[in-house]
Protein chains: 2
Amino acid sequence: METNTAVSALSALAQETRLQIFKELVAAHSMTEEEGGLAVGELIKRLDVAPPTLSFHLKELTNARLISPRKKGRSIIYRANLAEMQSLVTFLLQDCCSGACGVTLPVTATDS
Amino acid sequence: METNTAVSALSALAQETRLQIFKELVAAHSMTEEEGGLAVGELIKRLDVAPPTLSFHLKELTNARLISPRKKGRSIIYRANLAEMQSLVTFLLQDCCSGACGVTLPVTATDS
DNA sequence: ACTATAGTTTTAGAAATATGGAAGTATAAT
DNA sequence: ATTATACTTCCATATTTCTAAAACTATAGT
């Protein structure tokens, strides 16, 4: 992962509401592409933010490739992109820990 | 690590110059407390930023506990706090990866 | 004591982010 | 066709973050 990509991912996660969104989506994650994730309406209920605000944050996370949307009826279901998170963690371990963080490096990503 | 602490750490790293600073400090790291790290002047040379700007970013990283200063003559030497980085990575793996990122969890930190 | 060096703090302006009302788009239900 | 639902985009405002010149502090050298 390039430094610029890392900065984008870190920026996306460096905000209370967005980190909460991401955590919710990770909790609701399914390895199967077509399952799991949460609709915007469900996130609004859980996080207590105005629709335009949530929409703004969802866009930020989407731009950072940390989540992705899929349409289902008139809902839009967002799903966590764990592969991107894994890339970020790998970057942090390789570039920002110099092997001194006592963590075993990840295997190659298999899930999008 | 609490969510708020994670947001602080992520915010500190979510900026080009600060991420560079941190990377330099990690590269110059020594496990021995009194060794390693870089003086502000050295960072200025490497990163090409105005002194007040660098000072500002160093303060941000310090507030997030990701680095810490020690005085040496009239220089101030900053050192990476790898334990905090490890905590952040652990948080990301536990709370934001739901065990699906194929990474072995870290052992307990030993270095400050 | 004076001067230079190394860095910080203050301060002010510029730029980027965050928030939410109002209006718009698309699908579903009647 | 009309209405309701689910969400987004547009817009204006508020807040936060970034940058660097100017002024300050502390240590070192002469």
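Remember, it's a predicted structure, so these values are computed and weren't measured experimentally. Naming convention: chains lettered A, B, ... in sequence-line order (proteins, then strands); numbering from 1 in each chain.
- Between A:Tyr78 and the phosphate of D:dA6, there is no side-chain N or O to OP1/OP2 separation shorter than 4.0 Å.
- Distance CG (A:Asn63) to P (D:dT8): 13 Å, rounded to an integer number of Å.
- Rounded to a whole Å, the CD1 atom of A:Ile67 is 13 Å from the P atom of D:dC7.
- Listed by first and then second residue, the salt bridge (charged side-chain N to carboxylate O under 4.0 Å, His left out) pairs involving residues 13-24 of chain A are A:Lys23-B:Asp95, A:Glu24-A:Arg46 (not counting sequence neighbours).
- Nucleotide D:dT17 holds its P atom 18 Å from the CG atom of B:Leu54, rounded to whole Å.
- Checked against side chain to side chain contact (heavy atoms under 4.5 Å, CB included), A:Leu58 has the following partners two or more places apart in sequence or in another chain: A:Ile21, A:Val40, A:Leu43, A:Leu54, A:Ile67, A:Tyr78.
- Atom pair B:Lys45:NZ and C:dT5:C1' shows a separation of 12 Å (rounding to whole Å applied).
- One interatomic measurement links the two molecules: CG of A:Leu58 to C1' of D:dT8, which rounds to 10 Å at whole-angstrom precision.
- Residues meeting the side chain to side chain contact (heavy atoms under 4.5 Å, CB included) test with A:Val26, sequence neighbours left out: A:Phe22, A:Ala80, A:Leu82, B:Ser98.
- For the atom pair A:Thr53 OG1 and A:Leu47 CG, the distance stands at 11.5 Å (nearest 0.5 Å).
- With sequence neighbours left out, the side chain to side chain contact (heavy atoms under 4.5 Å, CB included) criterion links B:Ala14 to A:Leu10, A:Ser11, A:Ala14.
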Self-check item: Contact state string [nucleotides 14-30 of chain C, B base, S sugar-phosphate only, - no protein heavy atom under 4.0 Å]
Solution: ----BBBBB---SBSS-

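- In this structure, B:Leu47 atom CG and D:dC18 atom P are separated by 15 Å, rounded to whole Å.
- Legend: salt bridge (charged side-chain N to carboxylate O under 4.0 Å, His left out) pairs involving residues 49-65 of chain B, not counting sequence neighbours: none detected.
- Whole-Å rounding puts the B:Arg70 CZ to C:dG7 P distance at 13 Å.
- Atoms NZ (B:Lys59) and C1' (C:dT9) sit 7 Å apart, rounded to a whole Å.
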